[in-house]
Amino acid sequence: MTPETTGEDEREQVLDWVVRHTALLGSAGQAPLRRITVSTATLAIDVQWSPPPGPAPGVGGQHDTGHAHPLEFAGAPPDTTAGTRSTGGTVLVTAPMVGTFYRAREPGAPPFVQVGDLVEAGQQVGVIEAMKLMNAVQAEHAGRVSEIVAEDGTPVQYEEPLLALVPCDAH
Amino acid sequence: MTPETTGEDEREQVLDWVVRHTALLGSAGQAPLRRITVSTATLAIDVQWSPPPGPAPGVGGQHDTGHAHPLEFAGAPPDTTAGTRSTGGTVLVTAPMVGTFYRAREPGAPPFVQVGDLVEAGQQVGVIEAMKLMNAVQAEHAGRVSEIVAEDGTPVQYEEPLLALVPCDAH
Amino acid sequence: MFTTVLIANRGEIALRVLRTCREMGVRTVVAHSTVDRDSPAVRQADESVQIGPASPRRSYLNPAAIIAAAQQTGADAIHPGYGFLSESPEFAEICQAHGITLIGPPAGVIARLGDKVSARAFAAEARLPLLPGGTGPAEGVSDAARTAAAVGYPVVLKASAGGGGRAMTVVHDPGDLARAYAATRQEATALFGDPRVYVEKYLDAARHVEVQILADAHGEVLHLGARDCSVQRRRQKLIEETAPPNLPAATVEHLGELSVRAARAAGYVGAGTFEYVLDEHGACHFIEVNCRLQVEHPITEMVTGIDLVREQLLAAAGQRLSFRQADITPTGVAIECRVNAEDPARGFLPTPGLVEEFVPPGGPFTRVDTHAAAGTRITADYDPLLAKISVWAPTRAQALARADRALGELVVRGQGVCTNVAFLREVLTHPLFRYAKHTTSLVEQMMSTPMH
Amino acid sequence: MFTTVLIANRGEIALRVLRTCREMGVRTVVAHSTVDRDSPAVRQADESVQIGPASPRRSYLNPAAIIAAAQQTGADAIHPGYGFLSESPEFAEICQAHGITLIGPPAGVIARLGDKVSARAFAAEARLPLLPGGTGPAEGVSDAARTAAAVGYPVVLKASAGGGGRAMTVVHDPGDLARAYAATRQEATALFGDPRVYVEKYLDAARHVEVQILADAHGEVLHLGARDCSVQRRRQKLIEETAPPNLPAATVEHLGELSVRAARAAGYVGAGTFEYVLDEHGACHFIEVNCRLQVEHPITEMVTGIDLVREQLLAAAGQRLSFRQADITPTGVAIECRVNAEDPARGFLPTPGLVEEFVPPGGPFTRVDTHAAAGTRITADYDPLLAKISVWAPTRAQALARADRALGELVVRGQGVCTNVAFLREVLTHPLFRYAKHTTSLVEQMMSTPMH
């Protein structure tokens, strides 16, 4: 039967793929591989690395695969209204919407900001694309860029940290 | 039957695959392989590596027999064996079984005890009828009867207070 | 079949859709707002994406956020649940433009049937029985008054773009029409960005009966019987029941056939509901089509054994229906009670708060759909639905007793949280309801008696 | 119908019985031990009586305490649930002597069918297919050895008064017989106060299939199909399923007819279960009758729509069955998974403790029977059953997926508490189980593979 055959072929392909890439996956995570789950018809693969040693992720009841939570920053209370969160001496500029984060206006163009740059309140520091629309990301506070948290061209969720500023008044 | 055969063939293929590739998978993770689960119709594979060494979640756990706490009386340690409980300066004689409580051996007869009576440990202070059988209620401790709690001829539940004694040693 | 379905909803319906996806081996992504980040659907999803703040306009009603989340996670289909974007033809078009399947009927069908005025026109064409009313939106207050006078008072003014019982005004007296017309237009503009209002005859003592239909993309359409949804408060359903009590099987069959014929004419695909009102003489009048899964779909599942979400996914994936009308024989009676965090004594005002203890009912023929558990925070951002308690029994009397038993078992406790459970149980024991003589005015009648 | 039913049991089954009593408008009294005083059944009962301490011998197994409680509260019937006194002919006689209806078959029927040796004799008379074995209790070790040699090894030694998989020893080698015989007699004496032991052929790779029957006091007997209960650990069931997979409908029909005929011959009244083993060639052998409601009754309810506790009450009250064999057409597949507080990795050792968080599964075609909630203390006094998760679907593949989905939703957390959920899910995905090629040795096979 045709579907049968297709199914078998597909399964074999998947198995092959897993074997060939397991080594690669093993070295991809910083932590040791913990688990690979393959299930098909038609394909879902789940690769898990061991949790890093140390205190377990806070916020009780985290799910095994529950990676989707924005990274928790110690001591930062969730702030649902502003695209900014402060952590210690720095302030995080967070995504005002879900989409793809770009550091520059277009491919090849210089990034809006670099580490060390001084930005003013309201200055554009990046762009988020959603449904082909480019939405400016602006710094809410003035400060010096201390870290670029989100990589250029990566998907970000709402309120995910993009970059860190040391506020001017903290100088 | 054809589907049967196909199923068997498939199982054999999958088993073959697992056998052939286990060694490869084993060396892929940094931690030792812990588990491979294969289930089919049509295929789900789960490979797990051991968690990194570290404090394991406490397994031993305490074995809580937590049985039979009688009604808590302030400061009284739960006593599950005796039909007696102390409350403040008095001790309660409670029902050793569910049934009908009688203060006398038979209708018209004088009650076993009255308020003010001194009773000895083991002395019968009442009777509980269940299934036409008369079961003696005995005082566990010596003392003076300070109150008759349960009325003559009324149904009582297990451990329901029947009468109160002021223990002799409390005098 | 789809590889990954993004669920663009929250609460119990997100969980409901997730359950079937998981059973079908489909990967799930739950798109959620910040306040829902610890919800059970998010916890159980294979993946989740935070798409915006609590405000629905910036999260669950935001097409760009949902499309971005679907693209990030490789979702090839979106299930919109009910409410939010589930009946937005614009969103359906956006999905299509992005190569993502929206699980629901085609955009054109939603556009035609979702707008109440064009749905009325369609119904007239499809020869569905219509309530007397205007043939289009009123062209001004005097046009509205003319229509009202022609059909006779009471009338109802409805937003053409409306839904969910909002922007609807009943007018009993011609003297009130002008004010009501202005108010409804204003409300319609505020809620739906569309001021069009039309006039329809209003039935004071009506029964609300709806037909569940199911259609594949190959022109096969069938119905799964009817539900009675007459127990409503503020035009929102509280208790639903199937089969409709005291309604001849022939009437259900007739409504079913009408709906199937109309759905086929409209090119409907997926699960949908045709809503009707029945006047005191038993005459049926079409009111609207809901182009989505209905809140009360569990009771239809209980009497037919058909998983409606599964059928939605199969239909959206282009598969043929695997059964025919003759294979469907609804058995017994099923009743759903909607438990809301609200205070019936204060006009059913929602009561947000923190659920500290939650024990659902269980046991024979009892189904619970809920996102609530100890620790759930009920916020004012969304509707106050806490749980749907559905029961099945071979007879209506047994089903009523079972529903009352199940509601009696439910424990919801927490600071500030109040529920309508006691009120629901009052409805279940109300003589009008027990004898199935109730209409959509039952709750009002109950609230106006001093006993409560 | 009865006015007041006393429920002489605990845990989920007390709640199960209470639910139906409430739905039927029957007042409930729950008899409970001291440790169960805060259980949900006690909380929901119309009345409760504390009948003794935790030790079953002084509470749930104490006829005097239960009769006293029934008399105190004016109960006119007692529902014994399963286990405890549910199959005690002495207790049935005591109830009768006190003018209280025990919901179950008459004392004489329990006496005849409950004792395994007399049940074997009865089965022979009723022409039920029997496993080769002794015609009565072994009259000594040499008699046992003779019988064993005659039927061929392996054999099983069973306590005549036994039940629940206890006081049973499988002997593969003639050299082990003498020791096994002595040990089983000792165990039988300790557990049941009756040293009689009999010898029967043992099937290594058998399927366990049972027929649910229902009988009224007027001689009408019918069956509700069969359940497969082959997934067992330590001879206790873990997963049950109906219809039995991979079993021809004709075989089910044949077993059903055999059971109905035998039950009629025995004068059976109420709900009962005839248990059979099927060897690898599909040959059926009767093993025993359970004169009570079965733990796994929910799956039969799900495929037939019949509330078995309701039928028990009606039959005990002398009413006629309201349906005939021809009215019963089981639909689809139902699977029950027993969630126990136990550790599969340590030989399924019970793990008592305090449940701090408990979230049951829900949604489509999912039934939960549990007494557990946040705050429930699992004590070592009783069996470790925490919850029964039952699901229904039109096909077996869908039912398996649904059961796995439902188990995945269940949250049980608390100090010391461990559950067998992960193990149950392993069974569900095991190829032997998926292909319905499993026998009662499945769990052993799984535990002996080093992968685990």
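Throughout, protein chains are lettered first and strands after them, A, B, ... in sequence-line order, and every chain is numbered starting at 1. Source: prediction; values computed, not measured.
For Asp381(C), the side-chain hydrogen bond (donor to acceptor under 3.5 Å, both in side chains) partners at least two apart in sequence or on another chain are Thr379(C). Remark: Glu90(C) pairs with Ser88(C) by the side-chain hydrogen bond (donor to acceptor under 3.5 Å, both in side chains) rule, at least two apart or across chains.
Rounded to the nearest 0.5 Å, atoms CD (Gln157(A)) and CD1 (Ile51(C)) are 10.0 Å apart.
The ring-ring contact (aromatic ring centres under 6.0 Å, His included) analysis of residues 53-87 of chain C, with sequence neighbours excluded, yields the pairs Tyr60(C)-Phe84(C), Tyr60(C)-Tyr382(C).
The contact list for residues 98-107 of chain A toward chain C, using heavy atoms and a distance under 4.5 Å, reads Val98(A), Gly99(A) by residue number.
Your options are Ala68(C), Ser55(C), Ser33(C), Ser59(C), and the one with the most heavy-atom pairs under 4.5 Å with chain A is Ala68(C).
Between Glu220(C) and Arg320(C), no side-chain nitrogen of the basic residue sits less than 4.0 Å from a carboxylate oxygen of the acidic one, so the salt-bridge criterion is not met.
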* Asked: Can you check side-chain contact (heavy atoms from CB on, under 4.5 Å) on Phe91(C) and Leu61(C), steps first, answer last?
  -> CA-CA 9 Å; Phe91(C) 183 61; Leu61(C) 282 169; over 6 Å; no

